[in-house]
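Worksheet for the structure shown next.
Remember, it's a predicted structure, so these values are computed and weren't measured experimentally. Order of the sequence lines sets the chain letters (A, B, ...), proteins ahead of strands, with each chain counted from 1.
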Amino acid sequence: MTRNIPEKPGLEGLEEKWDSRWESDGTFRFDRSKTRDEIFAIDTPPPTVSGSLHMGSVFGYVQTDSVARYRRMSGKEVFYPMGWDDNGLPTERRVQNFFGVRCDPSLPYDPDFIPPPEPPEPPISISRRNFIALCHGLTEEDEKVFEHLWRTLGLSVDWTQSYATIDDHSQRTSQKAFLANLERGEAYTQDAPVLWDVDFKTAVAQAELEDRERPGTYHRVAFHRPDGEKLFIETTRPELVCSCVALVAHPDDDRYQGLFGSTVTSPLFGVELPVVAHELAEPDKGSGIAMICTWGDTTDVTWWRELDLPTRAVIKQNGCFQTEVPEWIESEAGRAVYEQIAGLYPNQARKKMAELLEESGDLQGELKQVSHPVKFYEKGDRPLEIVSSRQWYIRNGGREDDLRKKLLELGERLDWVPDFMGVRYKHWVEGLNGDWLISRQRFFGVPIPVWYHLDDEGIPDYDRVIIPDEASLPVDPTSQAPPGFSEEQRGQRGGFIGDRDIMDTWATSSLTPQIAGHWDDDPDLFARVFPMDIRPQGPEIIRTWLFSTLLRSYYEHDQLPWGHATINGWILDPDRKKMSKSIGNVVTPIPLIEEYGSEAVRYWACNGRPGTDTAVDFGVMKIGRRLAVKILNASRFALGFGDDADPELITEPIDRSMLAGLSDVVDRATAAFEKFDYARALEVAEASFWTWTDDYLELVKGRAYGEGGDTASAHAALQLSLSVYLRLFAPFLPFVTEEVWSWWREGSVHRAPWPSPDEFAGLTGDARVLAVTSEVLTAVRRAKSDARTSMRTGVSSLQVTASRKDIEALQAAERDLLEAARGSAVAYDDGEFAVAVVLEDA
RNA sequence: GGGCGUUUAGCUCAGUUGGCUAGAGCACUGCCCUUACAAGGCAGGGGUCGGGGGUUCGAGUCCCUCAACGCCCACCA
């Protein structure tokens with residue numbers, strides 16, 4: 001074909017040019033006529049669109065894209081969808097801040113509502129429906145920003161296969177799977193103590209917790225024995241004395257042997273409490289005896305459950321002490337004390353209680369300041385409280401050993417890349433201590449698709465769940481009536497109420513293979529892509545996304561959702577610190593792409609080893625940019641001779657020697673990619689490429705220009721090797737390789753076959769020829785460099801001492817060597833390798 | 001408290017099953033406008049492979065131990 005090689009090729013504008021061409025040509029469109037064994041399916045992580053764009057967003061996605069492109073070139077039809085995770089609390093928070101609004105479900109819908117141009121302070125309250133409309137609107141905008149970034153970076157996604165976790169199809173899939181869990185008994189509802197965020201007013205799950213080190217104060221508080229003796233406990237939460245249900249010590253603790261089975265009374269409140277024994281009580285912690293409250297921490301919950309203690313909860317869902325005096329405080333004095341802390345927040349009540357205990361003489365010694373871990377919701381700002389509440393759960397093995405074992409076994413069958421990541425999964429599953437809490441008392445999410453019967457007194461019967469017809473999904477039980485009822489019966493005796501909760505984000509995103517593969521509405525497609533080949537994701541969401549996806553797949557399909565889990569590393573800022581918004585060291589990708597180009601940013605990302613933490617490194621991006629420019633220039637040279645030369649013409653030993661080395665490079669890059677080690681594949685290709693430009697191109701140059709030797713062999717070898725290099729680099733540098741490919745080839749390099757050993761069949765020679773010739777050339781260059789003279793300076797005498805084998809190799813390429821060295825003759829000597837060079841006078 | 005990972009040139013990192021004088025790029029030094037490329041090319045200096053033991057003919061590579069850093073988990077009285 002005619003070649004159209006620009007005079008001064010450059011990188012500018014390649015991203016836009018090729019993104020729109022790929023889009024119009026449908027280059028990455030998934031061909032669903034292929035069968036499962038011909039398909040490589042990727043369970044793409046749906047990014048949280050309300051989150052900020054940062055380099056972490058780029059890193060893993062580019063790595064996965066390189067793998068996708070490799071698989072596509074090696075003959076697989078790649079199923080590469082893109083999803084948006086827009087459902088859930090992060091979006092609500094962003095909408096609240098962006099518009100200055102709060103959701104108040106008690107307000108009526110205002111069809112004319114338009115958010116103020118500037119977020120008002122204080123925020124205005126709007127109805128649930130208005131709030132959700134704002135969420136939808138804003139996420140659509142956020143998604144556009146992400147899509148633009150992905151396109152600029154050259155992700156080879158099939159954009160016709162995209163979804164959002166809040167769209168109708170995702171909601172239907174999510175509700176359908178939930179109802180299937182419910183029918184099989186894998187989902188259940190229960191009124192129990194849950195970890196509760198008082199600001200967001202929602203329950204949170206074990207996987208969303210994080211410990212933060214917070215200051216606390218030990219109070220040494222006296223309880224009273226019947227004989228008047230004081231029994232001291234140490235607590236950081238004296239405000240919970242009123243909710244105390246027992247004291248506990250270790251069964252083997254000699255100090256308290258005589259007390260087990262007896263009772264004490266609480267200070268100030270005078271409530272009679274048993275002293276009990278439990279192994280979890282630690283003799284060397286505090287005084288060795290602790291108060292059990294309902295509930296100060298998760299240990300309290302364990303004790304309360306295992307020792308079958310009464311419930312005396314005082315902290316309500318708003319985070320405050322209940323206003324009415326609890327009925328278990330019977331004494332007048334006690335009731336008067338409680339009134340002083342009624343309605344307070346825990347930290348206020350704590351101070352008050354310390355004062356009151358001090359006054360009554362029940363606080364002994366100085367307060368002791370300590371720093372201790374406190375449980376927080378990972379997105380929250382205040383310590384979690386434990387409150388009693390009705391919630392929905394999915395069984396996850398936290399309470400059933402058989403299920404836990406099964407899930408551990410599935411984790412072992414999964415191929416983890418890198419393999420040590422599997423340990424994180426194992427530890428998480430082994431450490432689960434309760435079922436998966438999936439209900440959230442929030443607004444922007446997939447509704448829990450059930451209603452409850454109301455009995456004759458209008459009390460909900462949570463054992464009589466009403467479920468929707470599958471055809472009606474997705475449903476919103478707060479605005480739709482269940483089958484067999486009419487809207488008028490909502491809230492009426494003998495009628496129904498809808499569940500007002502939504503599901504946690506993970507309860508929907510745990511179904512990404514089913515959503516992307518259309519399990520719900522396209523079983524033919526689903527059978528072609530499921531189970532998927534890879535799940536690429538970050539290490540921090542193994543306990544959430546990976547685990548929950550595996551769990552749902554086990555329930556629904558009794559198999560692993562994918563063959564491989566490829567886990568990327570953390571992104572660190574240029575100073576190797578973890579990037580976080582609060583430190584303010586977040587590096588955003590757009591300016592970097594503008595400065596260095598997409599190829600450079602991709603090169604940086606693909607240099608990060610699988611699973612290895614990687615710092616943002618502008619130096620590496622510069623190298624990537626240089627590599628891309630080099631490809632343009634070297635291609636201009638290799639293709640600048642106008643002819644299409646037949647590989648059959650490659651006869652010169654040094655050409656065949658070069659191809660021998662390249663053939664080996666192809667083998668190594670292929671092997672690396674097969675193991676998902678894109679970084680090694682890049683490294684191997686790159687190292688070889690620089691040798692090709694530095695040495696081979698110099699050695700072949702004269703012959704290529706027709707200054708002696710087999711010109712056609714040079715041209716053919718240049719073209720074949722360039723074709724191979726372009727394809728080796730295509731997964732990493734998709735724009736520049738496509739650009740060069742377009743100069744002389746039809747179609748996209750990204751649909752061209754991955755280089756195979758067959759292409760070199762009968763064309764390779766002795767790899768030593770190029771290697772040893774390059775060594776001599778380097779020696780000549782060194783001589784010229786030492787003499788501070790130009791590389792064009794002629795060589796009047798060249799004396800090479802080498803082994804017989806190397807001399808033979810050198811003789812095979814002598815003409816090319818002399819041309820590159822600017823010499824006229826070489827003299828050889830048998831012996832240890834040495835090169836003597838005499839230069840012509842300048 | 002437990003687990004995982006990292007520790008190789010000033011910086012960022014490679015070093016696959018132990019094997020010839022430990023590699024790359026950046027940075028640094030010197031040279032070169034050479035007809036693919038001067039926002040380039042060529043050449044060069046630079047490391048007791050975190051510390052300490054051990055196995056081996058031979059260890060950056062295997063074992064033990066210690067340390068620093070990072071991450072994950074843990075019942076916070």
Side-chain angles (χ1 to χ4, degrees), chain A residues 5 8-9 209-214 216 218-219 221 233-237 240 247-249 280-282 285-293 296-303 370-375 383-384 418 420-424 426-428 430-431 433 539-540 542-543 569-570 572 574 576-578 604 607-609 611-620 622-623 625-627 629-640 668 671-672 675 677 679-680 683 686-687 690 693-694 697-698 701 705 777-793 820 822:
Chain A
I5 306 175
K8 270 264 171 201
L209 305 181
E210 66 182 32
D211 284 353
R212 295 182 201 163
E213 203 62 31
R214 283 296 131 107
Y218 270 121
H219 302 69
V221 176
I233 60 112
E234 289 193 7
T235 180
T236 55
R237 303 201 61 179
L240 290 177
L247 298 191
V248 64
L280 280 182
E282 293 179 35
K285 222 168 192 177
S287 57
I289 188 161
M291 64 172 180
I292 301 174
C293 311
D297 59 42
T298 51
T299 319
D300 279 343
V301 178
T302 306
W303 281 326
V370 292
S371 178
H372 64 156
V374 179
K375 281 203 191 311
L384 293 170
F420 66 78
M421 290 293 181
V423 176
R424 300 194 183 190
K426 181 167 176 269
H427 287 168
W428 174 251
E430 284 171 349
N433 54 30
E540 75 282 10
I542 290 174
R543 64 177 179 167
W570 276 106
L572 309 170
R576 295 204 62 73
K577 294 207 179 63
K578 189 175 162 181
W604 162 76
N607 251 285
R609 254 57 199 179
T612 301
D613 296 351
T614 303
V616 173
D617 189 332
F618 310 118
V620 174
K622 281 185 192 157
I623 300 165
R625 185 175 175 84
R626 215 176 51 144
L627 175 62
V629 170
K630 194 77 175 175
I631 289 172
L632 288 174
N633 288 317
S635 302
R636 213 171 87 78
F637 168 73
L639 299 177
R668 280 153 57 209
K675 290 188 289 185
D677 194 350
R680 175 161 306 283
E683 181 190 291
E686 189 190 5
W690 284 108
T693 60
D694 293 350
L697 291 194
E698 292 302 324
K701 193 175 276 180
Y705 280 120
L777 181 61
T778 297
V780 172
R781 285 166 174 162
R782 185 184 304 124
K784 292 178 182 178
S785 194
D786 289 347
R788 307 188 164 201
T789 185
S790 157
M791 292 295 148
R792 303 173 86 171
T793 305
R822 315 249 169 193

A/Leu632 vs A/Ala615, nearer the 5' end of RNA chain B by closest nucleotide: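 First, find each residue's nearest nucleotide; the 5'-ward one identifies A/Ala615.
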Reading RNA chain B from 5' onward, which residue's closest nucleotide shows up sooner: A/His372 or A/Arg822? A/Arg822
Under 4.0 angstrom, heavy atoms only, what part of the nucleic acid is [X] near: base, sugar-phosphate, or nothing?
| X | result |
| --- | --- |
| A/Asp297 | base |
| A/Thr302 | nothing |
| A/Glu282 | base |
| A/Glu686 | nothing |

Mark yes or no for whether A/Trp604, through its side chain, and A/Ala615, through its backbone, hold a donor-acceptor pair below 3.5 Å.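 Such a contact is found between A/Trp604 side chain and A/Ala615 backbone.
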Taking A/Glu234 for its side chain and A/His219 for its backbone only, find out whether a donor-acceptor pair lies under 3.5 Å. no
Distance, [atom1] atom - from [M] to [N], rounded to whole angstrom:
| N | M | atom1 | answer |
| --- | --- | --- | --- |
| B/G44 | B/G25 | P | 11 Å |
| B/G1 | B/C76 | P | 13 Å |
| B/G15 | B/G47 | C1' | 14 Å |

Indicate yes or no: at least one non-hydrogen side-chain atom of A/Arg237 is less than 4.5 angstrom from one of A/Asp297. no
OP1 or OP2 of [N] versus the side-chain N and O atoms of [X]: is any pair under 4.0 Å?
| X | N | value |
| --- | --- | --- |
| A/Lys426 | B/C4 | no |
| A/Thr612 | B/C13 | no |
| A/Lys8 | B/A38 | yes |
| A/Arg680 | B/G15 | yes |
| A/Arg626 | B/C26 | yes |

Taking only Watson-Crick and G-U wobble pairs with both distances under 3.5 Å, what dot-bracket line describes RNA chain B, where [ ] shows pairs that cross earlier ones and | shows pairs with another strand? (((((((..((((.....[...)))).(((((.......))))).....(((((..]....))))))))))))....
What is the distance, to the nearest angstrom, from the CZ atom on A/Arg782 to the C1' atom on B/G45?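 Rounding to the nearest Å, CZ of A/Arg782 and C1' of B/G45 are 13 Å apart.
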